[in-house]
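Report on the following structure.
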Amino acid sequence: MKKLLIILLVLATAFTAYQFLKPDVSDVAATGLPWQIDVRDDGTSDVFGINLGATTFKEAATQFGIDYEIAVMIDQQDNANLEMYYSHFKSGPLAGKLVISAKAEPSMVTYLAENAVESEYLGTGSRKFTLGQDMMNIGETLLVSDLTFLPTASLDAEVIEKLFGKPDQIIDRGESHHYLYEAKGVDVILNDEGKETLQYVAPRDFHRLLVPLELEAPQTSSE
């Protein structure tokens, strides 16, 4: 009897440990993962539940929550984007950083920059105008144009092709290697020095990812 009690105690302890340590499959999202891209007939696409080219900036903020930073970003060529930045973004079991971008008219950019709570020059030469969350009312009319996801987990060429499929084209720009998927509107960037980056646009707008690379790329390889 004593031996039986010991065996039962060991089995109960093992079962409890298993219940505690086993992965919770309910946390694994069946949809909404970085490589799950739904392309629509109108040339837009759905990524992370965002319809690129149709979802408004404010709708995206409602979906992902208020834990964001919003800013106007102006690059060295004076191209301006309104960006919403989530430093702690999670898609199923995957974590990383997410940047949601919308194009803003010049007059709006001027207004927002003048009403920024903080401004600074970045190392890239871009200017950043940080806005207060009370400025989110402007997001009711602006449409999300781009998504940029920076995963915490590392990627490599084998993993990229397994998840996204064979790329239409690979463009090398020194230390960065761009795996391009025109039909999906995706540029998966492998960096020799730094983190990987996934850029998304509506497939109908894929030229916005491709043209700058074709103009600057020192080496191109088609797949």
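In this chain, residues are counted from 1 in sequence order. Remember, predicted model here, so these are calculated numbers, not experimental data.
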Could you tell me if the side chain of [Y] sits less than 4.5 Å from the side chain of [X], heavy atoms only?
{"X": "Leu131", "Y": "Leu82", "result": "yes"}
{"X": "Arg173", "Y": "Leu213", "result": "yes"}
{"X": "Ile171", "Y": "Leu210", "result": "yes"}
{"X": "Leu33", "Y": "Pro93", "result": "yes"}
{"X": "Ile70", "Y": "Met135", "result": "no"}

Between Leu180 and Phe206, does a side-chain contact (heavy atoms from CB on, under 4.5 Å) hold up when you go through it step by step?
CA-CA 9 Å; Leu180 299 163; Phe206 186 73; 3.8 Å; yes
Report the distance from atom [atom1] of [X] to atom [atom2] of [Y], rounding to the nearest 0.5 Å.
{"X": "Arg40", "Y": "Ser45", "atom1": "CZ", "atom2": "OG", "answer": "9.0 Å"}
{"X": "Leu190", "Y": "Glu196", "atom1": "CG", "atom2": "CD", "answer": "5.5 Å"}
{"X": "Leu209", "Y": "Glu182", "atom1": "CG", "atom2": "CD", "answer": "10.0 Å"}
{"X": "Leu150", "Y": "Ser87", "atom1": "CG", "atom2": "OG", "answer": "11.5 Å"}
{"X": "Phe129", "Y": "Glu83", "atom1": "CZ", "atom2": "CD", "answer": "13.0 Å"}
{"X": "His207", "Y": "Glu214", "atom1": "NE2", "atom2": "CD", "answer": "12.0 Å"}

Is it true that, when you exclude His88 itself, more than 12 heavy atoms of the residues, nucleotides or ligands shown sit nearer than 6.0 Å to its NE2?
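Atom NE2 in His88 is not packed in, count stays at 12 or less.
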For atom CG of Asp67, decide whether the heavy atoms of other residues, nucleotides or ligands shown that lie under 6.0 angstrom number more than 12.
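Open: at most 12 neighbouring heavy atoms sit under 6.0 Å from CG of Asp67.
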Tell me whether [X] shares a hydrophobic cluster with [Y], the cluster being built from Ile, Leu, Val, Met, Phe, Trp, Tyr side chains joined at under 4.5 Å.
{"X": "Phe149", "Y": "Tyr85", "value": "no"}
{"X": "Val159", "Y": "Ile170", "value": "yes"}
{"X": "Val188", "Y": "Leu147", "value": "yes"}
{"X": "Leu142", "Y": "Val144", "value": "yes"}
{"X": "Ile50", "Y": "Ile138", "value": "yes"}

Answer yes or no: is there a donor N or O on one side and an acceptor on the other, between the side chain of [X] and the main chain of [Y], under 3.5 Å?
{"X": "Thr130", "Y": "Val117", "answer": "no"}
{"X": "Lys195", "Y": "Thr152", "answer": "yes"}
{"X": "Gln36", "Y": "Gly32", "answer": "yes"}

If hydrophobic residues (ILVMFWY) are linked whenever their side-chain heavy atoms come closer than 4.5 Å, directly or via other members, who joins Met73 in its cluster?
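Its cluster mates, by chain and number, are Leu122.
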Yes or no on side-chain contact (heavy atoms from CB on, under 4.5 Å) for Ile160 and Tyr181, after CA distance, side-chain angles and deciding distance?
CA-CA 11 Å; Ile160 290 172; Tyr181 298 85; 3.5 Å; yes
With sequence neighbours excluded, what pairs up with Phe64 under the ring pair (Phe, Tyr, Trp, His ring centres under 6.0 Å) test?
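Checked Phe64 against ring pair (Phe, Tyr, Trp, His ring centres under 6.0 Å); matches are Tyr86, Phe89.
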Suppose we screen for ring pair (Phe, Tyr, Trp, His ring centres under 6.0 Å). Which residues come up paired with Tyr200, at least two apart in sequence or across chains?
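By the ring pair (Phe, Tyr, Trp, His ring centres under 6.0 Å) rule, Tyr200 matches Phe48.
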Can you run down the side chain to side chain donor-acceptor pair (under 3.5 Å) pairs that involve residues 48-60, sequence neighbours left out, and say none if there aren't any?
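Passing the test, one end in residues 48-60: Thr44-Asn51, Asp46-Asn51, Thr56-Glu59, Lys58-Glu140.
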Taking every non-hydrogen atom, the tightest pair across Ile37 and Val47
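Closest approach of Ile37 to Val47: CG2-CG2, 4.1 Å.
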Which heavy atom of Val39 sits nearest to which heavy atom of Ala183, and what is that distance?
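The answer is CG2-O, 3.4 Å.
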Start with the C-alpha gap between Val72 and Arg127, add the side-chain angles, then the distance that decides, and say whether side-chain contact (heavy atoms from CB on, under 4.5 Å) holds.
CA-CA 8 Å; Val72 171; Arg127 289 165 288 168; over 6 Å; no
Only counting residues at least two apart or in another chain, list the ones meeting salt bridge (charged side-chain N to carboxylate O under 4.0 Å, His left out) with Lys128.
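Here the qualifying residues are Glu69.
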Table please: side-chain donor-acceptor pairs of residues 94-113 below 3.5 Å, with sequence neighbours left out.
from, atom 1, to, atom 2, distance (Å)
Lys103, NZ, Asn81, OD1, 3.3
Thr110, OG1, Pro106, O, 3.1

Derivation and outcome, side-chain contact (heavy atoms from CB on, under 4.5 Å), residues Leu198 and Leu155
CA-CA 11 Å; Leu198 284 65; Leu155 303 176; 3.9 Å; yes
